[in-house]
Amino acid sequence: MKIVMAIIKPFKLDEVRDALTSVGVHGLTVTEVKGYGRQKGHTEIYRGTEYAVSFLPKLKIEVAVSDPAVDKVIEAITTAAKTGQIGDGKIFVYSIEHAVRIRTGETDDAAL
Amino acid sequence: MKIVMAIIKPFKLDEVRDALTSVGVHGLTVTEVKGYGRQKGHTEIYRGTEYAVSFLPKLKIEVAVSDPAVDKVIEAITTAAKTGQIGDGKIFVYSIEHAVRIRTGETDDAAL
Amino acid sequence: MKIVMAIIKPFKLDEVRDALTSVGVHGLTVTEVKGYGRQKGHTEIYRGTEYAVSFLPKLKIEVAVSDPAVDKVIEAITTAAKTGQIGDGKIFVYSIEHAVRIRTGETDDAAL
Amino acid sequence: MGNGANVFFLLMGAILVFAMHGGFAFLEVGTVRQKNQVNALVKILADFAVSVTVYFLVGYLIAYGIDFYASAADIVSDDQGLGLVKFFFLVTFAAAIPAIISGGVAERMRFVPQLVASAAIVAVAYPLLEGVVWNGNFGIQAWLADTFGNPLNDFAGSVVVHAFGGWVALGAVLQLGPRLGRYGADGRATPPSSIPWLALGSWLLCIGWFGFNVMSAQSLEAVSGLVAMNSLMAMVGGILAALVVGKADAGYIHNGALAGLVAVCAGSNVMHPAGSFVVGAIAGVIFVKGFEFCQNRLKVDDVLGVWPLHGLCGAWGGIAAGIFGLTSLGGLGGVSFMSQLVGTLGGVVFAFVVGLVVYGVLKAVVGLRLSPEDERRGADLAVHRISASPEADR
Amino acid sequence: MGNGANVFFLLMGAILVFAMHGGFAFLEVGTVRQKNQVNALVKILADFAVSVTVYFLVGYLIAYGIDFYASAADIVSDDQGLGLVKFFFLVTFAAAIPAIISGGVAERMRFVPQLVASAAIVAVAYPLLEGVVWNGNFGIQAWLADTFGNPLNDFAGSVVVHAFGGWVALGAVLQLGPRLGRYGADGRATPPSSIPWLALGSWLLCIGWFGFNVMSAQSLEAVSGLVAMNSLMAMVGGILAALVVGKADAGYIHNGALAGLVAVCAGSNVMHPAGSFVVGAIAGVIFVKGFEFCQNRLKVDDVLGVWPLHGLCGAWGGIAAGIFGLTSLGGLGGVSFMSQLVGTLGGVVFAFVVGLVVYGVLKAVVGLRLSPEDERRGADLAVHRISASPEADR
Amino acid sequence: MGNGANVFFLLMGAILVFAMHGGFAFLEVGTVRQKNQVNALVKILADFAVSVTVYFLVGYLIAYGIDFYASAADIVSDDQGLGLVKFFFLVTFAAAIPAIISGGVAERMRFVPQLVASAAIVAVAYPLLEGVVWNGNFGIQAWLADTFGNPLNDFAGSVVVHAFGGWVALGAVLQLGPRLGRYGADGRATPPSSIPWLALGSWLLCIGWFGFNVMSAQSLEAVSGLVAMNSLMAMVGGILAALVVGKADAGYIHNGALAGLVAVCAGSNVMHPAGSFVVGAIAGVIFVKGFEFCQNRLKVDDVLGVWPLHGLCGAWGGIAAGIFGLTSLGGLGGVSFMSQLVGTLGGVVFAFVVGLVVYGVLKAVVGLRLSPEDERRGADLAVHRISASPEADR
Ligand SMILES: Nc1ncnc2c1ncn2[C@@H]1O[C@H](COP(=O)(O)OP(=O)(O)O)[C@@H](O)[C@H]1O
Ligand SMILES: Nc1ncnc2c1ncn2[C@@H]1O[C@H](COP(=O)(O)OP(=O)(O)O)[C@@H](O)[C@H]1O
Ligand SMILES: Nc1ncnc2c1ncn2[C@@H]1O[C@H](COP(=O)(O)OP(=O)(O)O)[C@@H](O)[C@H]1O
């Protein structure tokens, strides 16, 4: 099993979730994060003083999937999250050794 | 070493922490996340318009542990986080290659 | 490729980011988390009742890097995040198998 | 009763209505998305300042033929400056027009064009209507009285202020178009940012409203406890109706109070408290139904619902005074249904035209909307370069 | 002094006490958990509307023998509707009873049963006590005066409003039981959601309270600067005592101001400012100690602490007027300690029985509590289907 | 006009100015970092209580020679306690001094030393100046009148209250030093925590300010609508100037309103409304430029900018009354430029010395600052052991 972790633009969440559902993913976890990268932040100003806001709001999506599903999940996220503009984000994939569904105790692929 | 990452119901945090402490885990990191899965969200309504809230508040717990401790940690979390109701969450386990305690520079098992 | 994940004290963020930039890291993702460990929380009091606040605000930093860069990234974070006081945090390193830049579809090291 | 007491009386009215402007601000803060909260606050304050300035320069002259182009000694005259507090009181009414419109055009309107529109409306359009109704200008009230028996009774401005503001806002919103992503294929409504902030806005409005209504008597000789009690009963009717029809919806109940108060303004001096309760309750229903109609049928993106609230309930209030003010319904009489109907319709049509024209001209000349990119980032960053919680932005 | 001035005077009192209801709302918003903030806001508004309606229909008649079942012309009479503003002023007091109770039963009480309880109490129970104390009904005041030399002096309602509200609330809370997880093996207290919001509530209450107290004179002939100054000094005493005894606790200091104001109501017309300071300071201590006693010893889950605040400090205020009102302590005299003691105890017992009975009957007939599941989700989602920050829910 | 009406009039003034203290609290809540919000709220309330206590005990005696060391009957006398409401009204002015200072020393000042400083200043220093200007003490006003034709005209306290508070605050801030990390190599400014909260503070201040100014007449015989209108126009001038010069900055516009109001206090009884507009607009510019000068050039860490706001704009107001009050500029006359200039400078110097000395002595004896660790954690946890959003802390 793998976890596909993606950093995306916040307003893309619904599209990404829909894309994932349509390739058979029925669970995922979302975290509000701040991203730093090529996309530049902005400057705020309050009473004449400027404040650099260099971190941008992003969402992190984590999806645990069985190995065969990884490619189509990556594909689904890439397509749905893409705007073509700088800052669209990244996808990282890593292996997990166990998965457990707390409610039932089911493990591994059955737990996803 | 492994990281045991669990998605749990928010009100289970204290029980899970106590269970982990009692199996010898003395450190963990908690993140507020939103979960999407079998457990359905709810609908909010404001001035006649319905808003589907499909993501539910969950907590992500990350615990780095030495290999031998993994099973009892999974066991502790599963027991403490279980309500038997849909949406109890998942546990995922993956390997880490290094661990460093920033304060002392200690590494690996000594860093946990 | 690896992900270097660090839990640090919040007020160290700017220093850590600067240290990472100076070793050639140009992207990272930050999450607000709560930490539990050796560093003790505090007690709040409201109308005569005490509330134990056992989780402390921390930041989680995740940086995806190519394998050769791992050591200098760890070094940079350790140096910048260190105060020498309890609660400075941890660094964990794990392998990732794929990386994708959503905007361009570039993969692996080219995606970082 | 000396002038000092009347100065005091009108001053308290002016302060209370001024406090309502804070209410407009926070009602908008809580209802819009977080990325437009700062803009809501700055707009209300700036609109208020612009309104006072232009009303001082020309508006008051148009409405009442009074100007301040004389020395302080002359304008104070020998009544302890009673005329000046009267200006203060009335300008807080005039400034309510842009505050009403603000809630309709929120989240995508450019800042400077909005200030220009406010200036035009408060300098000229509003004073024209105000002068006709409250100062007998152009003999229109006299004509209504001749024709139907009584002039238009709009004691505290259901028509002059609320219906006018609401219908101008409708014209403005139509010229402006909906927010990005509100309608169309993927269109969807956005939930409000904060119920406590909008509730605070509603409370400030309700509190100040008693000054709006009761002090409209403009002197202690003319003040009437009936106006106070009627305002209370209409507010209560609006709350209860919105509670029931709106199914304990937090947005409806807080707006229901306002709906009742909008509707009672016109006839608060002539209706019976029980009649006022009914008028307020009907206004509560009108708001709930009107808001859904506006949003879902008409697909008019009036963010706070100012057209149903001020436009529809204000018009209802103007007409209702001609019904519940009748002695046969326990009222004090002295009102004619036809005068109320004709006067209200006249005001509504005038307002709608004003809204379409003022915003239409601005649209043609300078454009009304934020760029799509600015609208997406939010007016706070785009216009004011700060967010509502700057410390949290890092 | 004309009627117009008195209408104005009472109107300002009514507006100020009305603003206190906003204070009740935000005090509760800040003190409860976030999942019950919307409910706090809606409850206060709905309770207010229900209270006005039933007090208009029967309550005022019970208390003062006055009804509004006549034409507008008749009820306005020839005093510029002074009687109607009097109703407005007094109904804002009556509506304070449910607002007080609301803070005690917060976070687990069902919405409709609460409205029904409010209706019953404001329609009948409160007017009975009010009529006895403030209108001489049933000759009880006359009996106290005959027996002890003076009637019960409860100038602005330490007993009639606050002790009554606080002891009804105690009965209600006992019938209702504690929130899930509050007591028992794993029981623990929950911290408040927001200090700024509860502070805003406290400020609105303090500001409006000066109307509550001073305008209780009900006419400009009877108004006294002493009442204003005593209210100020008692508030200040309450703040300082709560600051010291409560060790700079944000909750205690904001409630300490209210404790002083609750206690000074009864004797504000007869005490010396220094005496009022002492009365307020003692009230501050009573609140701090009483709250801890109630929460930790009695294990009564009175969420905002309305029983210690209004119940205990109100009773203390009733009695204190009989001490600090004496000329020997610098007061104006005209009060009897025994009348204050007996009157206060009588009011307290009556209120406690009312609370137990009204909520007991409702509990037996329809049930009082949200389902455990609804209580866990919070009343906002369960009752109003929206959270306090909807935009953030996604 | 009876005493009752004057009691009422001054009471409303007192209530309005009391409400301004809530405004001070929320302005500070929104401007400081979140970790110091609770402290802002507690400070303002505690400072207020301490101020009332010491002004009651000695301050009022120093300023006006009046004490309350007599029975209630004696101090009420036969004017319905008018003198007592006068005390209430004036003590809300006195208590504004610590509220002003609070905003300057925020985020690093220890709690108890601040209360001690407040006590010293309100008990003695402020009443000295107040007595000189408003009660003719020490014959200084008489001397100014003899020398320059007219005494210092400081109708509602541009100098006595605002310039005094602002310059004491400057002395305090200099003694205290900047917040950790504010200046120096790595120094940087911190953004405010919340625009809506600071906007609420500004609104409460603006609303109450009309009581501050108009009720300074202290009787209905002396009340003047000119004061009300001038206050309005100056506020509007301040808003517009800050909007333009401050480039639609949310902080500047909300403070611009206050700047205009600070500056108009002194001459609001003699200037023409148009003159007041200009005075307010100049104050708006002074605040914007003065704030940047103070923060970036002087590197004085005056957190809310109370020295530019109250200190500079107050001094400007004192002087401006001597210009725009002249009949040649449309004013009512009766003012002398030199009296305004000399009086203002005298007040400013006195205040600055008071600030340096009071905070200097406290610094030497007990120390002023939180420990660096406490400052980093924030005053909320360090002093009050609670954060602003306790539920979210877990
Ligand atoms: N090396 C990295 N490690 C972790 N997260 C990264 C890394 N580089 C970028 N990110 C995340 O991806 C987001 C987008 O990256 P950015 O460089 O701005 O644009 P793009 O995705 O178009 O290359 C960043 O805001 C950050 O959250
Ligand atoms: N495939 C997945 N990848 C990541 N997180 C998941 C996945 N499936 C479920 N989750 C997380 O677990 C939570 C609970 O899952 P859900 O399907 O609702 O119930 P259950 O845990 O009882 O199977 C979700 O809210 C989500 O946060
Ligand atoms: N075993 C662990 N797994 C995950 N996170 C941990 C673990 N131990 C500590 N942490 C994180 O590191 C932070 C610092 O740890 P702590 O024990 O307080 O001090 P130190 O880093 O000095 O050893 C904690 O607050 C927590 O977020």
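Chain letters run A, B, ... following the sequence lines, proteins first and then strands; every chain starts at 1. The analysis underlying the following values was restricted to heavy atoms, covering all of them including side chains, and did not include hydrogens, waters or symmetry mates.
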Interchain contact, S193(E) with chain F, by part (heavy-atom threshold 4.5 Å): both

Interchain contact, M235(E) with chain F, by part (heavy-atom threshold 4.5 Å): side chain

Which atoms of F26(F) approach chain E - backbone, side chain, both or neither, heavy atom under 4.5 Å: side chain

Max heavy-atom pair count under 4.5 Å with chain E, selected residue of V42(F), V85(F), V38(F), L41(F): L41(F)

Within-4.5 Å side-chain heavy-atom neighbours: M233(E) and V52(F): yes

Among V50(F), I15(F), V383(F), residue most engaged with chain E (heavy-atom pairs, under 4.5 Å): I15(F)

Nearest heavy-atom neighbours spanning S387(F) and I195(E): O-CG1, 3.5 Å

Qualifying side-chain hydrogen bond (donor to acceptor under 3.5 Å, both in side chains) pairs, either residue in residues 230-253 of chain E, two or more places apart: N213(E)-S231(E), N230(E)-S276(E), Y252(E)-E292(E)

Reported CZ-to-CG distance for the pair F89(F) and L232(E), which is rounded to 0.5 angstrom: 13.5 Å

Most contacts with chain E, counted as non-hydrogen pairs under 4.5 angstrom, among L16(F), L45(F), I386(F): L45(F)

Residue pair P196(E) / Q37(F), side-chain heavy-atom distance below 4.5 Å: yes

Side chain proximity check, M215(E) to L11(F), heavy atoms < 4.5 angstrom: yes

N/O donor-acceptor pair under 3.5 Å between H272(E) side chain and Y69(F) backbone: no

Between F277(E) and F56(F), ring centroids under 6.0 Å: no

Choice from L329(E), I207(E), L198(E) maximising heavy atom contacts with chain F below 4.5 Å: I207(E)

Which atom of A49(F) lies closest to which atom of I239(E), heavy atoms considered: CB-CG2, 3.6 Å

Heavy-atom check, side chain of M12(F) versus side chain of F210(E), under 4.5 Å: no

Gap between atom OG of S219(E) and atom CZ of F8(F) - 0.5 Å precision: 12.0 Å

Region of V223(E) in contact with chain F, defined by heavy-atom distances below 4.5 Å: both

Largest heavy-atom contact set with chain E, pairs under 4.5 Å, which of A72(F), G81(F), S389(F), A25(F): A72(F)

Which portion of L243(E) sits near chain F, non-hydrogen atoms under 4.5 angstrom: side chain

Residue F18(F) versus chain E: region with a heavy atom under 4.5 Å: both

E221(E) (side chain) donor-acceptor with G4(F) (main chain) under 3.5 angstrom: no

Region of L200(F) in contact with chain E, defined by heavy-atom distances below 4.5 Å: side chain

Side chain to side chain contact (heavy atoms under 4.5 Å, CB included) assessment of M229(E) paired with V91(F): CA-CA 11 Å; M229(E) 184 153 179; V91(F) 77; over 6 Å; no

Toward chain F: residues of residues 257-269 of chain E with heavy atoms under 4.5 Å: none

W197(E) versus chain F, the contacting section by heavy-atom distance below 4.5 Å: both

Nearest atoms (heavy-atom pairs only) where V7(F) meets G225(E): CG1-N, 4.0 Å

Under 4.5 Å from a heavy atom of chain E, the part of L57(F) involved: neither

Max heavy-atom pair count under 4.5 Å with chain E, selected residue of S51(F), A40(F), G22(F), S194(F): G22(F)

Interface moiety of A222(E) toward chain F, non-hydrogen atoms closer than 4.5 Å: backbone

Among T190(E), L204(E), L240(E), residue most engaged with chain F (heavy-atom pairs, under 4.5 Å): L240(E)

Any P273(E) side-chain heavy atom under 4.5 Å of I75(F) side chain: yes

